[in-house]
Each structure stands twice: as C-alpha cells, then as structure tokens.
*Asks:* 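After the structure tokens below, expect a handful of questions from me.
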Amino acid sequence: MRKLSIILFLLYFSNIKSQQISQYSNFLQTAFYLNPAISSLGNNLKILHRNQWTGFQGAPKTTFVSYQSSFFHKKDLKSVSFSSMGGFIQNEKIGAFRNFKAKFSYAYSFLINSRLRVSFGTFIGLQQLGIDATSLDLFDANDPVVDISKTSYMFPDFSMGILLSNKNNFFGVSVKQLFENNWNSLVNSNLSKNKASFILMGGKKIKLSNYTFSPTLMTTFTGGIKPVFLLGFQAEYKEVFGFGLFVKNENLFSSQLKINVSKNIQLSYAHDLFISTFSNSNLNSSEFMIIYTNDISKKTNRSNPIIYF
C-alpha cells in the first residue's frame, strides 16, 4: 500500500498523468509521437519499451510502435513535395489502469524556398482507457469513484502539427488531444477529462569534422498542469554511435546511448534518474528502442530534399 501511495503521489506532483500525453526519454527518435508533421524520406519503423520507476509494484510500463512510409509527388518536381502515411499504437499500464491508443497519421511536406521546408500533419484515431477494479485494494469496497461494473471506455482522438525545417534546423508546433473527452463514466470524478496539450520543440545540428552536435528544446503546456521544459544535447560520431543528455524541470535527468548496428538498424537505450525528496530510493526508469529505416532520399534523382529528420 505504501508503494501505491508513492506512485499516486508522483503522478500528481510530477504531472505524469495517465490521461495526458506520454514523455519518452528517446526524445528526437520519438518526436513523431509529439508532432505528426515530423517525417523522414523512406520507410521508418520504431519499437520502444519503457519501464518507469523500476522496482515499484504497479509502476508504469509503456510499449510504443510507430511506422511511416513516404513518397514523392511525381508531378511536382520543382517543390520536391512528398507525403507520409503511417501511425502508431501505444499501450500503457499503470497499476490497475490501462491506456491504449491507435492513431493513423498523414503529413504533407513541401519547400517554400530554396532553403526552407514546411510540413503539416495530423493524427486521428481511438483511445481506450480501462481499469481493473478487482486489482485495487480499496479502503471502501463501495467507493463511488470506482465503478467495478465498468471496465473500459473508448473515444476518438485528434492531433495536428506544423514543422519548419531545413538540413540543420527545425521548429515545430503541435496540439495533442484536441477532443477533450470526458471519461467520468469510467471513473466518477469531475477531474476525469482529457486536456489538450500545446507543444513547442526545436533543434539544431552543428557539424564539426566527424562529429554532429544537436542541442534541442521542448516545452509542453497543458491546462491545469504546470508546463514541462526539456533541454537536451546529443552528440554523434560518423553516424555510427552517439550519446545524449537531457534535463527536465521535474528533477529528472536522462542519459542516452545509441549505436547504428547496420545501415538500416539503430539501437538506443535511455536511462532516467528522478531526484525525489520524499523517497529513500532512486526512482530510475529505463527505455529501449529499435529503429529500422530505409532512406530513399539518396535513391532519387532529385536535388537535395532539404530535410532535418
């Protein structure tokens, strides 16, 4: 019971709520989840598994799978425009709670001048929230907040975003969960409502000899929750291996190590350390990711597509 109390306490004060958007440690590799306008040329498959607060019973566990496939518009040779289609599925488990999302994505990207690209993207799909009330140790078996006769609730979800980018810079704005669905039929509380989140993110590539350095910044604004700020830095050597360091304004520090095991496959591992003043143990989290890419930009006879991702 003490561990469950700590988890609930963390969920409240660190603003990581099951009905709000997830935050991943592999930030750039999962930027597509935050902004559907982000896409790359070719086929892209990503598989991620995250264990949060390792060692705590009922701690969050997340599985994320995304796929994108892009294609040029043959009749539009001048602007080098292309579209990307795909989506993602995400499954989260936090104690007795379950959160499943399935989203379809579409993005359209084109050049607005010889050095700048703009992209628009959308997510549309379904979200299902569930609760296994039988696994809860309730103080009051007839607690009116939890209705054991109802196990899940499904509702539509919609997000959209825009991205400005070139080879070395990007800036994106997106809105997640535009449909602020109320799921109080599952949990009888006036607070059981999705909140729209506004996300700003940007990054830059700095190339020096065989090294590429990438400082990044992200802010997330959600109604009723204090803003989240993330500052990150990644370094990569010859596109073979790299590392990253990130810090959030939630006493959270992350480190990342990635390696390209082949031309098309990349492995990435991230480790989080949450500095807590109310727990004697370190609330560590781990995240493992596999990325498969098939880049088509070099296989075309077009000019430089001017793209960041």
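Residues: numbered from 1 along the sequence shown.
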*Asks:* Is Tyr24 reaching over with its side chain to a backbone N or O of Tyr33, donor-acceptor style, under 3.5 angstrom?
*Replies:* no

*Asks:* Under 6.0 Å between ring centres: does that hold for Phe120 and Tyr106?
*Replies:* no

*Asks:* Taking Gly242's backbone N and O only, do any of them form a donor-acceptor pair with Glu236's side chain (distance below 3.5 Å, no angle check)?
*Replies:* no

*Asks:* Please determine, by modelled atom types, if Asn99 and Gln127 share a side-chain donor-acceptor pair under 3.5 angstrom.
*Replies:* yes

*Asks:* Is a side-chain donor or acceptor of Asn43 paired with a backbone partner of Asn294 at a separation under 3.5 angstrom?
*Replies:* no

*Asks:* Do the side chain of Thr220 and the main chain of Ile199 share a donor and acceptor less than 3.5 angstrom apart?
*Replies:* no

*Asks:* Excluding sequence neighbours, so at least two apart, what forms ring-ring contact (aromatic ring centres under 6.0 Å, His included) with Phe241?
*Replies:* Tyr237

*Asks:* Start with the C-alpha distance between Phe309 and Phe170, add both sets of side-chain angles, then the distance that settles ring pair (Phe, Tyr, Trp, His ring centres under 6.0 Å), and finish with yes or no.
*Replies:* CA-CA 9 Å; Phe309 291 91; Phe170 81 93; 5.0 Å; yes

*Asks:* Using every non-hydrogen atom in the two residues, find where Ser39 and Ile307 come nearest and quote the distance to one decimal.
*Replies:* O-CD1, 3.6 Å

*Asks:* Check the hydrophobic clustering (I, L, V, M, F, W, Y; side-chain heavy atoms under 4.5 Å; chains of links allowed) and say if Phe64 and Ile290 are grouped together.
*Replies:* no

*Asks:* Between Asn35 (side chain) and Ile162 (backbone), is there a donor-acceptor pair under 3.5 Å?
*Replies:* yes

*Asks:* As a quick check of understanding, evaluate ring pair (Phe, Tyr, Trp, His ring centres under 6.0 Å) for Phe123 and Phe158, giving each step before the final call.
*Replies:* CA-CA 6 Å; Phe123 281 133; Phe158 180 75; 9.4 Å; no

*Asks:* Answer yes or no: is there a side-chain heavy-atom contact under 4.5 Å between Ile124 and Asp157?
*Replies:* no

*Asks:* Between Asn264 (side chain) and Tyr292 (backbone), is there a donor-acceptor pair under 3.5 Å?
*Replies:* no

*Asks:* Arg50 and Ser25: side-chain donor and acceptor closer than 3.5 Å?
*Replies:* yes

*Asks:* Any donor and acceptor pair, going by atom type alone, linking the side chain of Asn113 with main-chain N or O of Leu116 inside 3.5 Å?
*Replies:* yes

*Asks:* By side-chain contact (heavy atoms from CB on, under 4.5 Å), which residues pair with Leu230, not counting sequence neighbours?
*Replies:* Phe27, Met218, Phe246, Lys248

*Asks:* So, for Phe88 and Tyr67, is the gap between ring centers shorter than 6.0 Å?
*Replies:* no

*Asks:* Please lay out, stage by stage, how Glu287 and Gln256 fare under the test side-chain hydrogen bond (donor to acceptor under 3.5 Å, both in side chains).
*Replies:* CA-CA 9 Å; Glu287 189 175 290; Gln256 178 200 43; over 6 Å; no

*Asks:* Examine distances only and state if a side-chain atom of Thr62 and a backbone atom of Glu92 form a donor-acceptor pair shorter than 3.5 Å.
*Replies:* no

*Asks:* Indicate, with yes or no, if Ile47 and Val261 share a hydrophobic cluster defined by side-chain heavy-atom contacts under 4.5 Å among Ile, Leu, Val, Met, Phe, Trp and Tyr.
*Replies:* yes

*Asks:* Check the hydrophobic clustering (I, L, V, M, F, W, Y; side-chain heavy atoms under 4.5 Å; chains of links allowed) and say if Leu28 and Leu257 are grouped together.
*Replies:* no

*Asks:* Look only at the side chain of Gln68 and the backbone of Ile38, and say whether a donor-acceptor pair between them is shorter than 3.5 Å.
*Replies:* yes

*Asks:* Mind checking whether Leu48 and Tyr269 sit in one hydrophobic cluster, side chains of I, L, V, M, F, W, Y counted as touching below 4.5 Å?
*Replies:* no

*Asks:* Let me have the donor-acceptor pairs involving side chains of residues 201-211, under 3.5 Å, with sequence neighbours excluded, atom names and distances please.
*Replies:*
from	atom 1	to	atom 2	distance (Å)
Lys204	NZ	Asn169	OD1	3.0
Lys205	NZ	Tyr308	O	3.0

*Asks:* After noting the C-alpha distance and the side-chain angles of Ile291 and Leu267, does the key distance pass the side chain to side chain contact (heavy atoms under 4.5 Å, CB included) rule?
*Replies:* CA-CA 6 Å; Ile291 302 173; Leu267 303 179; over 6 Å; no

*Asks:* Assess, by modelled atom type and distance only, whether the side chains of Asn44 and Thr293 contain a donor and an acceptor separated by less than 3.5 Å.
*Replies:* no

*Asks:* Keeping Arg117 on the side-chain end and Ile306 on the backbone end, is there a donor-acceptor pair under 3.5 Å?
*Replies:* yes

*Asks:* With no hydrogens and no angle check, just 3.5 Å: does a side-chain donor-acceptor pair link Thr63 and His49?
*Replies:* yes

